[in-house]
Structure formats: structure tokens, C-alpha cells
Amino acid sequence: MSEINYRLGKNQKLKSFKVIGNLFQGGNSFIAYPFKVVWLYNESDTRFFRFSVSVPKRKYKRAVDRNLIKRKIREAYRLNKAVLQADYHGKLADFMVIYIASADAEYLVFENAMKIALTKLRKKITTLDTGEEIV
RNA sequence: ACAGCAGGUCGUUCUAUCGCUCGCAAUUUUAUUGCGUGAGGAAAGUCCGGGCAACGCAGAGCACCGUGUUUCUUAACCGGAAGGUAUUCGCGAGGGUACAGUAUUGCAGAAGAAAAUAACCGCCCCGAAACUUGUUUUCGGGGUAAGGGUGAGAAGGCGGGGUAAGAGCCCACCGACGAGCCGGGCAACCGGUUCGGUCGUGCAACUCACGGGUUGAAAGACCAUGUAUAUCGGAUACGUAGGGCUGCUCGCCCGAUGCCGAGGGGUAGGUCGAUAGAACCAAUUGGCAACAAUUGGUCCAGAUAAAUGAUAGAAGUUUUGCUUAGGCAAAAUACAGAACCCGGCUUACAGACUUGCUGUUGUU
RNA sequence: GAUACGUUAGCUCAGUCGGUAGAGCAUUUGCCUUUUAAGCAAGGGGUCCCGAGUUCGAAUCUCGGACGUGUCA
């Protein structure tokens, strides 16, 4: 996976009800404002990081607002996957990004925040995963 | 020209780069490439009505809930259209609201004499007593709805006759109600006319007519997984315990899969349902209209932790400011995101176009 | 997606088969006390979530809207 592509297909999305349930029950989490990231090592043999977005209905009543925020977050991840994935050979993980700020923002804010969140996630994954070596 | 009323239509566009859903095809092999495709008038609120599905249903009565002017429309409706009556807002074009019945029973706070077989004050008559001896006062009996600080509502209105004083007590006119006749209208109803003194209001209960089985796609079907109302022991004993039929009663049906004790699981999802329909567009015909019929054409999202996007640039529209003008600058560019599907209703909405009509001002 | 309910004083709630809006706590003032607390007495404080309608009269009944809360795999 040396060549970077910006695709974000169905198989890179976290879709199973059960996996999400496990994620919230047994997953680790940290905050990289305005995001909260919940993650767990992926035990099955998928070939990708699996990713999902959530925006609380409590804070954004209208479906239009929620959709817009989710799309921006998804876009930010799609364009900055490299931060997490480039030259990474350790254990893969599933993670969910939850938007916890109470106001919408410009796309650039999302992009910068996403970079910070992904570097933080990468560090956490590699330090906890003692069995593998980092290049 | 400006202001407005009623109806209808639309509700941003283009380019570049990187992406997403679904379908088809190809390559190769479980990912990539190419082509096509992809939100609304309200997709919203979930307020009505259907389709569809499961379960239930011998039947009858009562209860409960909903609706309530007429005719039409529709698959159906608490929808829509055209009317009717009353009321209300507007100078007007027009808009809003209400509408089955009242035989019986009940309620109507406060205020007021009295809130429904009305005598507190007043007015009038009769009798008695008192003395201040008269158009007097007091007491008692009766008549009386013309007048009286109230009130949403006070026993049709107004004038005349009549009377002790009064009263539809009688009469004329007006209003309402009931009955009859004539004309118009499919009908609600409207207009005219004759007769009858028949003449207080509102809201409930109640009565009448019509409709209503329950639950909603998280319904449900199939596949996969699973020994899964598993299995063992005991008590009860035959239509018994109990259950079902929206609630109740009658009645009918089912009925050991129930009770007690011991004991033992699984949860991983997928496909269908689910997108060709009371569909949409155009024309013609019928109808005041809602709407219907016929002919021709079109295929128009189908996701499921849930696609329809992000970034950059340009254009359009509106408002404001500056400017003689051309133009320049700034700001704004709505409401809002399908989740089984239709028909309505309601609510939100920057703005644009269009048809008919009304008012004001000016010109001819 | 479906469905059930709530909104009344600063807070927690009564009042909902129509008729002057209440209780407890809090708050203000006075009394008591050396002072505070407690106690006693008096008072203030209301867009009854919003807008229409029915009615003589609406917190209550009807319709529409806003916000909030629960239940169902």
C-alpha cells in the first residue's frame, strides 16, 4: 500500500451493528477537539482500517446539518488517510469519530483537526501494540 | 405607475480537481477501469385517508371513538370543488369562522328584586287603624311586567286603542316561528302570498344518521445458525385450570404449549418485502369547478451506522452605498435531506415568473 | 421509523367534567435573640409554553405551532 489513493469505498466503512457495539463496550477513546475518537484493534482479516462517523442528534436537530457535518468529516478523512496509513504495517484497527463541538465550522478547521486526531491515533496504536515493530 | 386580492408555475447555473450509492459491461480476481444513474415542494410535522402485511373474526345487544348544511368529486378521507344560511374582517377584489335534532332532564358563578310556574322598589284597587283630617302615614289583602344602578341574556319591537293601573288584552306596521298554496332550484334554500297571537337565551347530558376489528415494514416471508415452547421429576385430572373473540353481557370457540421444582442455550447476519405506480407528461373531449374519459408518449433514487459530496474559480438574482451615466464596492442567496408506497391536510420558505380581478393617482 | 406523554411563582408540584390561580421550599420585611440558625407574623413575586377558535367567561374544552421526556429491535 505504498501508493496513496484517496478512495473511500464501502469496505473501508464500519457497518456492522455488532462491531460498533463492541467498540463502545471495550474500545479505547481519546479526545482531539472537536472530535472524540473511539477505537479498537481489528481482529478479523480485513485489509483496511475501518472508519465511521457520528454526529449526535441531541446537538443538531435538523438532518441537513448532521449530514453536512458528516460529509465534511468523511471528506477530511478521505484526503488525510495517509497520515494514518502511510508505511504502517502494524495491527489494523476500527475506529469511530464523534463530533462533539456544538457549532458547525469551515472545512479547513475539520481538516486540521483530523490531521491531529489521526497522528494521535497512530501513536496510540503503535505504542500499545507491543508485538510489532515500527519502521 | 403604485398598492393589493385570488389561483398557478419555478425555486440558482457553469467549469476544474478529488470522491460516494446503485445498475450494466470489461479486465482480472475480489479489487480496479469505463459508461450510465442519483432528493423535495414541502422529502418535514405524523394530523387524516388508503394500498400492503400479520393476527383475529358463528352471531347479537350495549358501551366506546370519530364525523355531522346541500349537491358533486374520489380507491378512500376529519380532503377537495361549487353552492346555501348566519356571523365577522376589509373602501374593494375577496378572506375567516360556524352549521343534524331539542321531546325530556340538568346547569347558568359574581352582580341583580328576579336567571325561568319573575312582584324587591314602584304603579293601581279594596279594607282596617292612627292622628297632624288629606292627593297623609302605617298595617293587611289583592291586581299589575309600563319604569328601575345589574347582566352575555330580563319574557318580540314600535305606535294607537283599552284600563283602577296594566298587559298581544285588541288593532296597524315590522321581525321571528309554525302551517298551507304558487314560482325558481337536483338539493340545502330563496322569492311571493294566505292563515294562526304561536313568540326568552346559551351550553351540556341525551336523541338521530353514517362510519370504525387490532397492530404497523422494527409488519411479515425465505435462507443461514441452533437439540432450542430442549430435557428430567412432581402435583392436578377431561372439556377441568386457563385462554381467545377491541371493553362488558349473552353466546361461541380453543384447551396442557398450563402450574411447581431442577436444569440448559443462542444472538452474525443475508435475501425478498422495496420501487411500473389510484405513476408522470402532452393533446382532445365532457364539466362553472374539483375531477373524469380517450389517445399518444416516457421510465423517473432505492440507500440500510444509511449514497447524492468537498475544495477552488466564474456567472446569475436581490438589497444597500457611491456615481451625471456607464459602472464600482459590500452584503445576502431561503426553507430544508428520501428510509415501504400513494392521496390529502398543516407548518417552514431568499426570491423569480405568470393569469384574472380590485382600489388610488395621472394622461387621452 | 412507529408510538405515548409533559410544559403553571426562582425550584418541586397541586388545580384540568369552564366561574377571583394555590401549596411547600426559596426570597423580602418585622418580632424573638448579644448575633446567627430555628420559631412566629406579614408581604412581594405569574405572558398558566406560543397563536387562533368555541363560550358571557378558558390554566381547564377544540385546532395549529414550539420545546422537552419516555417506550418499542
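Naming convention: chains lettered A, B, ... in sequence-line order (proteins, then strands); numbering from 1 in each chain.
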Study note, to complete from the structure: Scanning all shown strands, the Watson-Crick or wobble mate of B:U284 with both distances under 3.5 Å is B:A293
Practice item. Determine the interatomic distance between C1' on B:G96 and the same-named atom on B:A179; round to the nearest Å. Key: 38 Å
Exercise for review: Report the distance from atom CZ of A:R74 to atom P of B:A303, rounded to the nearest whole Å.
Suggested key: 16 Å
Review point. What is the distance from CD of A:E75 to C1' of B:U21, rounded to the nearest Å?
Key: 15 Å
Check your understanding: In whole Å, what separates the P atom of B:G45 from that of B:C55?
Key -> 32 Å
**Study point:** Nearest-nucleotide comparison on RNA chain B, the residue closer to the 5′ end among A:V53 and A:K72
**Key:** A:V53
**Study point:** Pair A:K72 + A:E75: basic N to acidic O under 4.0 Å
**Key:** no
Point to revise | Closest contact, heavy atoms only, A:R122 versus A:L84 | key: NH1-O, 3.4 Å
Check your understanding: Hey, mind stepping through A:F30 and A:F95 against ring-ring contact (aromatic ring centres under 6.0 Å, His included) and telling me if it holds?
Key -> CA-CA 11 Å; A:F30 64 90; A:F95 65 102; 9.2 Å; no
Review point. Which nucleotide, in any strand shown, forms a Watson-Crick or G-U wobble pair with B:G66, with both distances under 3.5 Å?
Key: B:C210
Practice item. Could you tell me the separation between the OH atom of A:Y107 and the C1' atom of B:G19, rounded to a whole number of Å? Key: 11 Å
Review point. A:R71 side chain N/O closer than 4.0 Å to the phosphate oxygens (OP1, OP2) of B:A307?
Key: no
Exercise for review: For B:A108 and B:A114, measure between their P atoms and round to the nearest Å.
Suggested key: 15 Å
Check your understanding: How far, in whole Å, is B:U198 from B:A155 if one measures between their C1' atoms?
Key -> 14 Å
Review point. When rounded to the nearest Å, what value does the distance between C1' atoms of B:A42 and B:U346 take?
Key: 11 Å
Exercise for review: Both distances under 3.5 Å, Watson-Crick or G-U wobble: report the partner of B:C52, or none.
Suggested key: B:G216
Check your understanding: Between A:R74 (side chain) and A:V53 (backbone), is there a donor-acceptor pair under 3.5 Å?
Key -> no
Point to revise | Identity of whatever pairs with B:G196 - Watson-Crick or G-U, under 3.5 angstrom | key: B:C177
Check your understanding: Atom CD of A:E111 and atom P of B:C18: how far apart are they, to the nearest Å?
Key -> 16 Å
Review point. In whole Å, what separates the P atom of B:C300 from that of B:C342?
Key: 16 Å
Check your understanding: Can you find a donor-acceptor N/O pair under 3.5 angstrom joining the side chain of A:R78 to the base of B:C18?
Key -> yes
Exercise for review: Starting from the 5' end of RNA chain B, give me the residue, A:M96 or A:L79, whose nearest nucleotide shows up first.
Suggested key: A:L79
Study note, to complete from the structure: C:U71 -> Watson-Crick or G-U wobble partner, both distances under 3.5 Å, gives C:A2
Point to revise | B:C223, syn or anti by chi within 90 degrees of zero | key: anti
Practice item. Please measure how far the C1' atom in B:C22 lies from the corresponding atom in B:U12, and state the result in whole Å. Key: 28 Å
Review point. What's the CG-P distance between A:N112 and B:U311, to the nearest Å?
Key: 13 Å
Revision key, fill the gap. To the nearest angstrom, the CG-C1' distance between A:N67 and B:A39 comes to 11 Å
Point to revise | Donor-acceptor contact below 3.5 Å, side chain A:K124 vs main chain A:S29 | key: no
Check your understanding: Within the structure, does a side-chain N or O atom of A:R66 lie under 4.0 Å from either OP1 or OP2 of B:A306?
Key -> no
Point to revise | Nearest-Å distance for atom pair CG/P, residues A:L68 and B:A307 | key: 12 Å
Exercise for review: Return the value, rounded to whole Å, for the distance between atom NZ of A:K81 and atom P of B:C18.
Suggested key: 15 Å
Check your understanding: Who does B:C328 pair with, Watson-Crick or G-U, both distances under 3.5 Å?
Key -> B:G321
Review point. Under a 3.5 Å cut-off for both distances, is B:U9 Watson-Crick or wobble paired, and to whom?
Key: B:A352
**Study point:** Close side-chain approach of A:L79 to A:Y107, heavy-atom, < 4.5 Å
**Key:** yes
